[in-house]
Amino acid sequence: MRIMFLGDVVGRTGREAAALALTRLRTELRVDLAIINAENASHGFGLAPDMARALFDAGADVITLGNHAWDRKEITGYIAETPRLIRPLNFPPGTPGAGSVTVELRDGRKAVVLNAMGRLFMDPLDCPFRLSAVELSKFKLGSSVQAIVIDFHAEATSEKMAYAHSFDGQVSLVVGTHTHCPSADHQILPGGTAFQSDAGMCGDYDSVIGMTKDIAAARFWRKMPGERLQPADGEPTICGLLLITNDTTGLAKAIHPIRLGGRLSQTIPSV
Ligand SMILES: [Fe+2]
Ligand SMILES: [Fe+2]
């Protein structure tokens with residue numbers, strides 16, 4: 001299975017570029033399943049239903065979220081009726097939406113996408129390790145489902161690595177989101193799970209993690225709440241990865257980073 005994952009979409013420029021990239025890369029990279037994290041799509045904070053619809057229309061199969069999941073209030077009704085929009089599974093019981101979804105491809109193959117959130121330097125939530133283990137016990141990779149992808153939304157690289165090693169061999173991919181910086185540690189772990197500690201963002205890198213640099217920097221200089229953060233609106237870089245899995249085992253055969261447009265060094269898989 002050929003699976004594309006794109007990192008946090010930031011603001012209007014990120015949304016528009018991500019929509020174009022989804023449509024273009026789905027064809028160019030012969031993508032079977034496209035997943036995108038859109039927790040920052042609405043001016044950097046949250047996701048509105050019309051924005052989610054636009055990403056689905058452009059070719060996203062599943063949209064994931066993170067700590068900014070609820071910044072746009074309208075999403076709570078929409079997520080309850082949209083199974084392919086998921087939020088971290090370790091929010092407290094009773095939170096709208098679900099933390100995972102099973103997607104059936106046109107050819108009948110099935111993939112599970114799961115979203116969990118870390119706890120180091122993040123708001124306290126239920127344990128992502130234990131809850132992910134419970135959720136994963138419902139599926140058998142390579143038999144009941146052909147692929148399992150986890151978006152682990154976390155700040156700390158240590159927590160992301162510990163999480164990925166914990167589920168090595170049980171899932172096809174653990175990819176981190178939230179830091180907005182693409183890491184160069186993409187690899188296939190010894191048990192066959194692909195891992196990259198952060199996918200990076202779909203946003204303007206002449207910025208502080210996607211937000212206007214002057215306003216963001218002023219907050220560090222002054223240690224006072226300043227002007228409201230605004231998304232930077234220069235040419236975005238589309239960041240993410242292409243994963244190729246073995247349908248028989250569900251494990252990874254290859255992981256290729258994607259960086260397209262904008263300021264970062266460019267890389268597009270040629271496979
Ligand atoms: Fe984010
Ligand atoms: Fe985040």
Side-chain angles (χ1 to χ4, degrees), residues 5-19 21-22 35-48 51-52 55 60 62-73 75-76 79 85-92 95 97 99 113-126 128 132 149-160 163-164 174-183 196-213 215-216 219 228-234 236-241 257-259 262 264:
F5 185 96
L6 300 180
D8 309 35
V9 175
V10 181
R12 177 186 296 275
T13 48
R15 287 196 315 268
E16 290 175 354
L22 278 165
I35 306 158
I36 188 162
N37 184 301
E39 68 148 4
N40 308 110
S42 177
H43 220 65
F45 300 93
L47 172 70
M51 298 169 188
L55 291 170
V62 176
I63 300 176
T64 58
L65 292 167
N67 53 305
H68 289 291
W70 315 117
D71 289 355
R72 287 293 301 263
K73 304 290 170 262
I75 207 71
T76 54
I79 198 172
L85 171 63
I86 59 174
R87 45 74 175 168
L89 84 170
N90 49 328
F91 276 115
T95 301
V113 184
L114 189 152
N115 193 189
M117 191 147 78
R119 297 195 291 187
L120 217 48
F121 315 120
M122 309 278 288
D123 281 348
L125 288 181
D126 293 343
S132 298
V149 171
I150 302 183
D151 170 355
F152 188 54
H153 195 80
E155 183 74 42
T157 308
S158 59
E159 192 177 16
K160 290 171 167 177
Y163 182 95
V174 174
V175 58
T177 54
H178 178 72
T179 71
H180 295 195
C181 292
S183 61
Q196 181 173 348
S197 61
D198 208 289
M201 68 171 167
C202 297
D204 175 10
Y205 276 88
D206 183 19
S207 70
V208 175
I209 63 167
M211 308 308 271
T212 319
K213 55 194 177 185
I215 299 175
R219 291 189 169 201
R228 190 174 195 275
L229 291 169
Q230 305 286 336
D233 60 3
T237 304
I238 296 299
C239 288
L241 61 85
I258 295 172
R259 292 186 304 274
L264 300 191

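Order of listing sets the numbers, starting from 1, for every ligand and every atom in it. Given the structure is predicted, the values throughout are model-derived calculations rather than measurements. Note that the numbering runs from 1 along the sequence shown for the chain.
In this model, a donor atom of one side chain and an acceptor atom of the other lie less than 3.5 Å apart for Asn40 and His180. Between the side chains of Thr64 and Asn115, not a single donor N or O lies within less than 3.5 Å of an accepting N or O.
Rounding to the nearest 10°, we obtain 100° for the angle at the Fe ion (ligand 2) between His178 ND1 and Asn67 OD1. When OD1 of Asn40 and OD2 of Asp8 are joined through the Fe ion (ligand 1), the resulting angle is 110° to the nearest 10°.
Atom OE2 is the N/O/S atom of Glu39 found closest to the Fe ion (ligand 2).
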Practice prompt. Output, in order, the C-alpha distance, side-chain angles, deciding distance and verdict of ring-ring contact (aromatic ring centres under 6.0 Å, His included) for Trp70 and Phe91.
Written response: CA-CA 11 Å; Trp70 315 117; Phe91 276 115; 5.6 Å; yes
Worksheet entry | Check against side-chain contact (heavy atoms from CB on, under 4.5 Å), Asn37 and Val9 | CA-CA 6 Å; Asn37 184 301; Val9 175; over 6 Å; no
